[in-house]
2 protein chains.
Amino acid sequence: MSQTRQSNTGRSNTSSAILGILSTGPMSGYDIKAFADRSVRPFWAVSYGQLYPELKALAAAGLVAAEAQPRGSRRRTVYRLTERGQAALANWLAEPIEGGHELRDEMLLKLFFGDPLSPSQLQSFLRQMRRRHEEAAANLTKQEARLGSRAGALRLAVSRFGSEYHRFRADWCTRLLAEIQGGARR
Amino acid sequence: MSQTRQSNTGRSNTSSAILGILSTGPMSGYDIKAFADRSVRPFWAVSYGQLYPELKALAAAGLVAAEAQPRGSRRRTVYRLTERGQAALANWLAEPIEGGHELRDEMLLKLFFGDPLSPSQLQSFLRQMRRRHEEAAANLTKQEARLGSRAGALRLAVSRFGSEYHRFRADWCTRLLAEIQGGARR
DNA sequence: GGTACCATGTAACTCGTTACATGATTGT
DNA sequence: ACAATCATGTAACGAGTTACATGGTACC
């Protein structure tokens, strides 16, 4: 009993994301949030409401170390990854993903029950979805350009995934639009 | 005060999914769950833990009507969509989706922080992901075939989305595998 | 003096899953 | 007898968001 937890097994992915971010260097909770918003945000959002409690839990588990580093009289706690934290991160990375890919896709849900919609309603719905995905794809493409070649191959690939994914969805909308057009004419 | 809720606005998507399922005909909670598992499951899972309480709430709101229809001495409650329920469903369908598409993608999260992985670990990770998506795509393709032309155009399209989506992800894995191969050789 | 940003936190809430409990019916 | 399936439910938990509260600092 009371076996010390030496891996991150059992912790949430968000907690691992925090460890991952801290593996780039020590920083404050605020910095972690900013880092997350600039990087993993499109596929893994992190909110303060989870971040600060989780940092405390990680510190209690010895995976990160907290150090007070006030700026002037503004309090500030900087966290750094401990060796055990680094091990936990490596551990999490090496673990296979369990359970399959649970989706929650409101667009598909509405379309599945979308028969009662009039053709024009359906059309405007699909056009709206398409526009959103096109915008998202454009934004991510821009972000990739900004990333340039400063980032590692994996980070670039992940970023590319984002724009390609939204492009995929936008194209799917286009195809479905064409299909219902054709069907209506027949 | 005490204004009767005449639309489904403010209710969860799961609640709308239930209304959508009931729009195909009256059925018991058990039947709804079975229906959901056969249809929307890949993009919108429904569990008993939500279903039964939600059915009570929908009945209380007057969107569905409950009728006791025991089979032998086994109790059974059959729900049907009321007119207000039908209106609520139509309403939900017509509402634009608010907020953008929040993803939670463990694969991308791991890859983003995947630099510490050895090339062979990375390779096996990507191959595993690819295999899973290929299997998922194959299953959904089979399901589409079973659906045949009995289903409406929208349902077919949604089902097609599923297999194409998994195919997209599998292909992305393949491309990334090729890329890291090439990079390692250089 | 105001605005934007740095910084940390918590309480309430929503959504959803998991595990359990209970019992009837049907088919082998 | 037994397993599978029909049928309904709840309690505990987990993950995550939102809204709020508080206060310092930098710059115009």
Strand-adjacent residues in residues 28-46 of chain B, judged by heavy atoms under 4.0 Å from DNA chain C: B:W44, B:A45
How would you list, by chain and number, every residue that makes a salt bridge (charged side-chain N to carboxylate O under 4.0 Å, His left out) with B:D37, sequence neighbours excluded?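 For B:D37, the residues satisfying salt bridge (charged side-chain N to carboxylate O under 4.0 Å, His left out) (neighbours in sequence not counted) are B:K33.
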Not counting sequence neighbours, which residues clear salt bridge (charged side-chain N to carboxylate O under 4.0 Å, His left out) with A:R160? List them please. B:E179
Presence of [X] side-chain N/O under 4.0 Å of [N] phosphate oxygens OP1/OP2:
| X | N | value |
| --- | --- | --- |
| A:Q50 | D:dA15 | no |
| B:S47 | C:dT17 | yes |
| B:T14 | C:dC15 | no |

Rounding to a whole Å, what distance do you find between [X]:[atom1] and [N]:[atom2]?
| X | N | atom1 | atom2 | result |
| --- | --- | --- | --- | --- |
| A:E106 | C:dC15 | CD | C1' | 13 Å |
| A:L103 | C:dG16 | CG | P | 13 Å |
| B:K56 | D:dA7 | NZ | C1' | 13 Å |
| A:D105 | C:dC15 | CG | C1' | 17 Å |
| B:M27 | D:dC6 | CE | P | 14 Å |
| A:R75 | C:dA7 | CZ | C1' | 7 Å |
| A:R11 | D:dG16 | CZ | C1' | 16 Å |
| A:L51 | C:dT10 | CG | P | 12 Å |

What's the verdict on side-chain contact (heavy atoms from CB on, under 4.5 Å) for A:I97 and B:F125, showing C-alpha distance, side-chain angles and the deciding distance? CA-CA 9 Å; A:I97 292 175; B:F125 176 74; 3.9 Å; yes
Can you sort out the partners of B:F168 under ring-ring contact (aromatic ring centres under 6.0 Å, His included), two or more places apart, ordered by chain and number?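 Scan of B:F168 (ring-ring contact (aromatic ring centres under 6.0 Å, His included), adjacent residues dropped) gives A:F161, A:F168.
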Considering only distance and modelled atom types, tabulate donor-acceptor pairs under 3.5 Å from the side chains of residues 98-114 of chain A, sequence neighbours left out.
{"from": "A:H101", "atom 1": "NE2", "to": "B:Y165", "atom 2": "OH", "distance (Å)": "2.8"}
{"from": "A:E102", "atom 1": "OE1", "to": "B:R41", "atom 2": "NH2", "distance (Å)": "3.0"}
{"from": "A:E102", "atom 1": "OE2", "to": "B:R41", "atom 2": "NH2", "distance (Å)": "2.8"}
{"from": "A:R104", "atom 1": "NH1", "to": "B:A45", "atom 2": "O", "distance (Å)": "3.4"}
{"from": "A:R104", "atom 1": "NH2", "to": "B:A45", "atom 2": "O", "distance (Å)": "3.0"}
{"from": "A:D105", "atom 1": "OD1", "to": "A:M107", "atom 2": "N", "distance (Å)": "3.1"}
{"from": "A:D105", "atom 1": "OD1", "to": "A:L108", "atom 2": "N", "distance (Å)": "3.2"}
{"from": "A:D105", "atom 1": "OD1", "to": "A:R169", "atom 2": "NH2", "distance (Å)": "3.1"}
{"from": "A:D105", "atom 1": "OD2", "to": "A:R169", "atom 2": "NH1", "distance (Å)": "2.8"}
{"from": "A:D105", "atom 1": "OD2", "to": "A:R169", "atom 2": "NH2", "distance (Å)": "2.9"}
{"from": "A:K110", "atom 1": "NZ", "to": "B:W92", "atom 2": "O", "distance (Å)": "2.7"}
{"from": "A:K110", "atom 1": "NZ", "to": "B:E95", "atom 2": "O", "distance (Å)": "2.7"}

I'd like a table of atom pairs between the protein and nucleotides 25-27 of chain C - only N or O on both sides, under 3.5 Å - with the distance next to each one.
{"from": "C:dT25", "atom 1": "OP1", "to": "B:S73", "atom 2": "N", "distance (Å)": "2.8"}
{"from": "C:dT25", "atom 1": "OP1", "to": "B:S73", "atom 2": "OG", "distance (Å)": "3.2"}
{"from": "C:dT25", "atom 1": "O4'", "to": "B:R74", "atom 2": "NH2", "distance (Å)": "2.6"}

Steps toward side-chain contact (heavy atoms from CB on, under 4.5 Å) verdict (A:C173, A:R127): CA-CA 7 Å; A:C173 289; A:R127 284 212 249 260; over 6 Å; no
Sorted by position of nearest nucleotide on DNA chain D, 5' first, the leading residue of B:R104 and B:Y52 is B:Y52
Would you kindly compare B:Y48 and B:E102 by the position of their nearest DNA chain D nucleotide and give the one closer to the 5′ end?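 Its nearest nucleotide being more 5', the pick is B:Y48.
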Stepwise side-chain contact (heavy atoms from CB on, under 4.5 Å) check, B:L51 with B:I32: CA-CA 8 Å; B:L51 179 56; B:I32 293 172; 3.8 Å; yes
A:E67 with A:R76: basic N within carboxylate O range, under 4.0 Å: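 No, A:E67 and A:R76 are not salt-bridged.
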Using only heavy-atom distances, determine whether the side chains of B:D31 and B:S28 contain a donor-acceptor pair under 3.5 Å. yes
